[in-house]
Asks: 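I'd like to ask some things about the structure below.
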Amino acid sequence: MVVGGGHAGVEAALAASRMGKTIGLVTMDKTKLALMSCNPAIGGLGKSHIVKEIDALGGVMGKAIDATGIQFRRLNLSRGPAVWSTRAQADRIGYNRCICEVIAEDKNISVIEGTAGQFLVENGRVIGIATESGEKIFSKAIIVCSGTFLGGLIHIGEKQIPAGRQGEKAAYELTKSFRSLGFEIGRLKTGTPPRLDGKTIDYAKCEIQQGEYPIPFFSYTTKSYNVDQISCHLTYTTAKTKEIILRNLDRAPMFSGQIKSKGPRYCPSIEDKIFRFGDKPRHQIFLEPEGNGTDEVYPNGFSTSLPEDVQLDAIRSIIGLKNAEITKPGYAIEYDYCPAYQIKPSLETKLIENLYLAGQINGTSGYEEAAGQGIMAGVNAVLKIEGEPLFVLDRSESYIGVMIDDLITHSTTEPYRMFTSRAEYRLALREDNARDRLFGYAQKYELISEEDYKEFVDMQNRTIEKIRMLRKKVIPISKLDGLSKYFIRKDAVSLADLLKVPGVTCNDIIPFMTDEQRDDSNDEIAERAAILIKYEGYIDKQEREIEKFKKLENESIPKNFEFASLLGLRNEAREKFDRIKPISLGQAGRIEGITTGDLAALAIHLKKYKSQKNIKDKQ
């Protein structure tokens, strides 16, 4: 059973279905599956890597945004491929309808409208839920993907509205059930901007931002097609905006003390930005269309919980928005979550067997982060039911692995957001190689078709052949014109050598190929080959670092290891080890506040424990 029909819940249900299980998807409204509560977009810096990984594991997010996107762009192309990212504006309602259709067509999934109210538990194992209406639903495993609905409370100025999303009720009984089972419950906050009537915006005073061609789709399954892309626009706040907001800070829930929980550090409200960055003369506001068939616009960068009258005054002080009308006010929302030290790397809770948590309930923010957890929870719930080894991705394999490890080993006191900077092995975790890293797992767990896997193996082989050709094809220096300065004392160079020259792209070397070699060109294969050639020295170095990392990860810590009784450790270290219960020395070393001395002491105890166990086993 999956509780919650947001991005996490949808991916969890579909993953379990692909693995052959039947799923009850419990949600308050079956017409609002994967509804974008905030920004109408998928991807962005760091986040797009997770979308590509979800896609490589057979997930739906990449396919859905490709089918309903209204503008596509690639970001960070001036830097290395490790941080290249893709972002797409979505038709917000179109995306929701697409997901609803996918779920409706899946014969293994039954959508149950209702609100989960209480867990049914026997002998430390969850066996079902009771809804707030009193209905009991039994299941072998439960995945909770509650989003902002768990104890949700909306703030608009002094006004407080119990809700999980504007116009929708929240779930309060489930929090009580969590607490009764011994879970620690925390409180987080997020927010959203007001929505504007696009017909009242003066776009002539804003900077236009157009989509890109050829379109950079997310999913490997998407066949290229033409999208009539809609432009976004960039504008800025003014000195008047700053004056209006500062004058009304006493009416802002964040500053009046009405909101006590922490919001996302990297997506602050406009009042927080104005207050914290008082030296800045202006702030960017991106005007993003909500989709086809609507004039509603999302002013990205203007998240707020100010009173409605202040919101309107401040919006109208922004360049191009003098006559703008607000169709829906912005708001902040506080909600309950479970600090993630209470879950295992499989996302199963430590307290209650067969109960899994995914998405914002673990302290994350963002559709992509939620969906990545959802797909992992879905797979692991099935594996647990079948008595199979669990599926855990480590930090060297995926951004999903980085995220889950971060959540478990760090104190989540504010909503977690993914960035490429969080991944120490990011050169090995690129968008372009998500399938190289994860397709083997997807095949193993039957999350993709055999045909897709065979096509990918063929692409891998063609990439290898492409690299061989580029290394074999030699060009006389005399034909290189301006590039010859990079190859002093050489008579000829290979096309692979040319690709290593800064600024040289695949298109630059096409004139040096034969007609047959040009005909064999494939944009994806050519880009993959170029990346591997350009950065092979750095990639090789990172592979050696990953080998060292794997050694510590392979130093596993037994489930029954008694951290509380260990001598020679600081009290803080002992308490943190006992609370988080790391599964390896590597993970233990990443726990917030743990020193090298703590880790060395733990390694000694672990070696002694294993030695004594070997002696007992031999006896």
Asks: Counting distance only, does the side-chain N/O of R574 pair as donor-acceptor with the main-chain N or O of L566 below 3.5 Å?
Replies: yes
Asks: Would you indicate whether the side-chain heavy atoms of S305 and Q258 approach each other to under 4.5 Å?
Replies: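 Result no, sub-4.5 Å side-chain heavy-atom pair not found.
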Asks: Under 3.5 Å, side chain of S346 to main-chain N/O of L390, donor-acceptor pair present?
Replies: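 Such a contact is absent between S346 side chain and L390 backbone.
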Asks: Yes or no on side chain to side chain contact (heavy atoms under 4.5 Å, CB included) for I557 and L606, after CA distance, side-chain angles and deciding distance?
Replies: CA-CA 7 Å; I557 300 175; L606 185 60; 4.0 Å; yes
Asks: Under 3.5 Å, is there a donor-acceptor pair between the side chain of S146 and the main chain of F149?
Replies: no
Asks: Quick one: side-chain hydrogen bond (donor to acceptor under 3.5 Å, both in side chains) pairs with a partner in residues 558-567, sequence neighbours left out?
Replies: N560-Y609
Asks: Please round to the nearest 0.5 Å and tell me the distance separating atom CG of L357 and atom CG of L407.
Replies: 11.0 Å
Asks: Atom CG of L599 and atom CZ of F577: how far apart are they, to the nearest 0.5 Å?
Replies: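 Answer rounded to 0.5 Å: 6.5 Å.
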Asks: For the pair K548 and E545, find out whether any cationic side-chain nitrogen is under 4.0 Å from an anionic carboxylate oxygen.
Replies: no
Asks: Salt-bridge test for D436 and R528: reply yes if a basic N is under 4.0 Å from a carboxylate O, no otherwise.
Replies: yes
Asks: With the threshold set at 4.0 Å, does a side-chain nitrogen-carboxylate oxygen contact exist between D406 and R395?
Replies: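 Judged by the 4.0 Å cut-off on N to carboxylate O distance, D406 and R395 do form a salt bridge.
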Asks: Looking at Y341, is R579 sitting on its ring face, NZ or CZ under 6.0 Å from the six-membered ring centre and within 45 degrees of the normal?
Replies: yes
Asks: For Y266 and F419, take the angle between the two ring planes, folded into 0 to 90°, and tell me which bin it lands in: parallel under 30, tilted 30 to 60, perpendicular over 60.
Replies: perpendicular
Asks: Hey, does the side chain of T364 reach the backbone of G359 with a donor-acceptor pair shorter than 3.5 angstrom?
Replies: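 It does hold such a pair.
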Asks: Tell me if the centroids of the rings in F563 and F561 come within less than 6.0 Å of each other.
Replies: yes
Asks: May I ask you to check whether Y220 and F456 place their ring centres under 6.0 Å from each other?
Replies: no
Asks: Kindly check if the number of other-residue, nucleotide or ligand heavy atoms within 6.0 Å of NZ (K541) is above 12?
Replies: no
Asks: For atom CZ of R125, decide whether the heavy atoms of other residues, nucleotides or ligands shown that lie under 6.0 angstrom number more than 12.
Replies: no
Asks: Between F183 and F119, does the ring centre distance come in under 6.0 Å?
Replies: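 No, too far apart.
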Asks: Are any of the side-chain nitrogens in K576 or E592 under 4.0 Å away from the carboxylate oxygens of its partner?
Replies: no
Asks: For S261 and Y335, what are the C-alpha separation, side-chain angles and deciding distance, and is it a side chain to side chain contact (heavy atoms under 4.5 Å, CB included)?
Replies: CA-CA 9 Å; S261 52; Y335 57 93; over 6 Å; no
Asks: Using a 4.5 Å cut-off on heavy atoms from C-beta on, say whether the side chain of R417 contacts that of K47.
Replies: yes
Asks: With a 6.0 Å cut-off (strictly less than), is the heavy-atom count around NZ of K136, excluding the residue itself, greater than 12?
Replies: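 It does not: K136 NZ has 12 such atoms or fewer within range.
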Asks: For Y399, does its backbone N or O pair with a side-chain atom of R422 as donor and acceptor, under 3.5 Å?
Replies: no
Asks: Give me the one residue out of K384, K140, K344 that meets salt bridge (charged side-chain N to carboxylate O under 4.0 Å, His left out) with E353.
Replies: K384
Asks: Set out, in order, the CA-CA distance, both residues' side-chain angles and the distance that settles side chain to side chain contact (heavy atoms under 4.5 Å, CB included) for S85 and H49, then state yes or no.
Replies: CA-CA 7 Å; S85 299; H49 291 69; 3.7 Å; yes
Asks: Given the rule in the salt bridge (charged side-chain N to carboxylate O under 4.0 Å, His left out) test, do E173 and K176 qualify, once you have shown the distances and angles that lead to the verdict?
Replies: CA-CA 5 Å; E173 294 302 313; K176 296 177 184 176; 3.4 Å; yes
Asks: Determine whether a donor-acceptor pair (N or O, by modelled atom type, separation under 3.5 Å) exists between the side chain of E555 and the backbone of K551.
Replies: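 Here the side-chain-to-backbone pair does not exist.
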Asks: Between N554 (side chain) and K550 (backbone), is there a donor-acceptor pair under 3.5 Å?
Replies: yes
Asks: Using side chain to side chain contact (heavy atoms under 4.5 Å, CB included), reason through N380 and F391 one step at a time and then give a plain yes or no.
Replies: CA-CA 6 Å; N380 277 312; F391 177 33; 3.6 Å; yes
Asks: For Y538, does the OH atom sit with more than 12 other heavy atoms under 6.0 Å from it, leaving out its own atoms?
Replies: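 No - once you tally the heavy atoms of other residues, nucleotides and ligands closer than 6.0 Å, there are 12 at most.
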Asks: If a pair satisfies side-chain hydrogen bond (donor to acceptor under 3.5 Å, both in side chains) and one of its residues is in residues 3-21, list it, with sequence neighbours excluded.
Replies: S17-D106, S17-N108, K21-E386
